[in-house]
**Student:** 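I'd like to ask some things about the structure below.
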Amino acid sequence: MDDLFDFQYEPFVNDIQWVAPRPTTFRVMLVNGANFYLIYQGEDGDKKLFTAQVAGKNYWLESLAEEQQASDAIARLLRFNYASVPKDEDIEDEGLAGALGDEEIDVNVDVEPAVPESVEDL
């Protein structure tokens, strides 16, 4: 995580979930509702090897160039504000009267048809 985010990743990561046992896969939930995956690839000596899957693309994190590309892809995810869409419970249904202020609207009004009754009325 330090390699992808720098040492200040905690303000950007909401949760890390273990989602699959083999290959060991973690879902990293970002604070804006987006996520990406870290996939454990095994060990090479004393070093643990991971692949990051960001927006459907895999990045081998042992390659410095791909690690930087993964960091850029994560930064793009963070730039999009997925969490800005209000949830259903946050929206109050005020109806048409609420949209027009406190004015009452009578919806039971007889309306004349827009089509003339005969051609002679034209």
Side-chain angles (χ1 to χ4, degrees):
M1 293 299 287
D2 287 344
D3 292 340
L4 290 174
F5 284 95
D6 203 1
F7 66 93
Q8 297 177 342
Y9 67 89
E10 291 175 359
F12 303 103
V13 175
N14 191 28
D15 191 19
I16 299 175
Q17 301 170 343
W18 181 28
V19 295
R22 260 195 198 185
T24 305
T25 305
F26 301 95
R27 179 185 301 128
V28 181
M29 306 292 295
L30 301 175
V31 294
N32 66 351
N35 61 54
F36 67 94
Y37 296 93
L38 289 176
I39 304 162
Y40 178 66
Q41 300 294 332
E43 294 183 9
D44 183 23
D46 62 344
K47 194 166 192 163
K48 296 185 184 333
L49 306 175
F50 283 91
T51 300
Q53 186 179 45
V54 184
K57 183 167 180 178
N58 291 327
Y59 301 94
W60 178 249
L61 298 181
E62 292 308 304
S63 165
L64 182 59
E66 288 194 36
E67 180 183 312
Q68 290 173 342
Q69 289 175 355
S71 292
D72 290 342
I74 293 168
R76 282 192 299 275
L77 284 179
L78 286 166
R79 281 195 296 256
F80 295 116
N81 194 7
Y82 290 101
S84 67
V85 178
K87 298 177 184 169
D88 290 340
E89 61 267 10
D90 295 340
I91 300 172
E92 293 182 22
D93 186 15
E94 297 176 353
L96 186 57
L100 298 175
D102 294 335
E103 179 182 330
E104 290 292 325
I105 298 175
D106 184 12
V107 293
N108 296 323
V109 178
D110 291 330
V111 179
E112 293 184 29
V115 183
E117 292 179 17
S118 70
V119 180
E120 296 172 3
D121 292 339
L122 292 174

**Student:** Please enumerate all residues that pass salt bridge (Lys or Arg N to Asp or Glu O under 4.0 Å) together with Lys57, with sequence neighbours excluded.
**Tutor:** none
**Student:** Could I get the full list of side-chain contact (heavy atoms from CB on, under 4.5 Å) partners for Asp46, not counting sequence neighbours?
**Tutor:** none
**Student:** Please round to the nearest 0.5 Å and tell me the distance separating atom CG of Leu64 and atom CD of Gln69.
**Tutor:** 10.0 Å
**Student:** Report yes or no: do Ile16 and Leu30 belong to one cluster of Ile/Leu/Val/Met/Phe/Trp/Tyr joined by side chain heavy-atom distances under 4.5 Å?
**Tutor:** yes
**Student:** From Leu38 CG over to Thr24 OG1, what is the distance, rounded to the nearest 0.5 angstrom?
**Tutor:** 11.5 Å
**Student:** Do Tyr37 and Ile74 sit in one hydrophobic cluster, given that two such residues count as connected whenever their side-chain heavy atoms are within less than 4.5 Å of each other, even indirectly?
**Tutor:** no
**Student:** Taking C-beta and beyond as the side chain, do Glu62 and Gln41 meet within less than 4.5 Å on heavy atoms?
**Tutor:** no
**Student:** Just verifying a value: how many Å separate Leu49 CG and Trp60 CH2, rounded to the nearest 0.5 Å?
**Tutor:** 4.5 Å
**Student:** With rounding to the nearest 0.5 angstrom, report the CZ to CG distance, Phe12 to Leu77.
**Tutor:** 13.0 Å
**Student:** Measuring from atom CZ of Arg22 to atom CD1 of Ile39, what distance do you get when rounded to the nearest 0.5 angstrom?
**Tutor:** 15.0 Å
**Student:** Val13, Trp18: one ILVMFWY side-chain cluster at the under-4.5 Å cut-off?
**Tutor:** yes
**Student:** Looking only at non-hydrogen atoms, find the nearest pair between Ala73 and Tyr59 and report the distance.
**Tutor:** CB-OH, 3.8 Å
**Student:** Rounded to the nearest 0.5 Å, how far does CG of Asp15 lie from CZ of Arg27?
**Tutor:** 9.5 Å
**Student:** Identify whether Tyr40 and Leu61 are in the same connected component of the hydrophobic contact network (ILVMFWY, side-chain heavy atoms under 4.5 Å).
**Tutor:** yes
**Student:** Taking the side chain as every heavy atom from C-beta outward, state whether Thr51 and Gln53 have any pair of such atoms under 4.5 Å apart.
**Tutor:** no
**Student:** Are Tyr9 and Val54 connected, step by step, through hydrophobic side chains (Ile, Leu, Val, Met, Phe, Trp, Tyr) whose heavy atoms are closer than 4.5 Å?
**Tutor:** yes
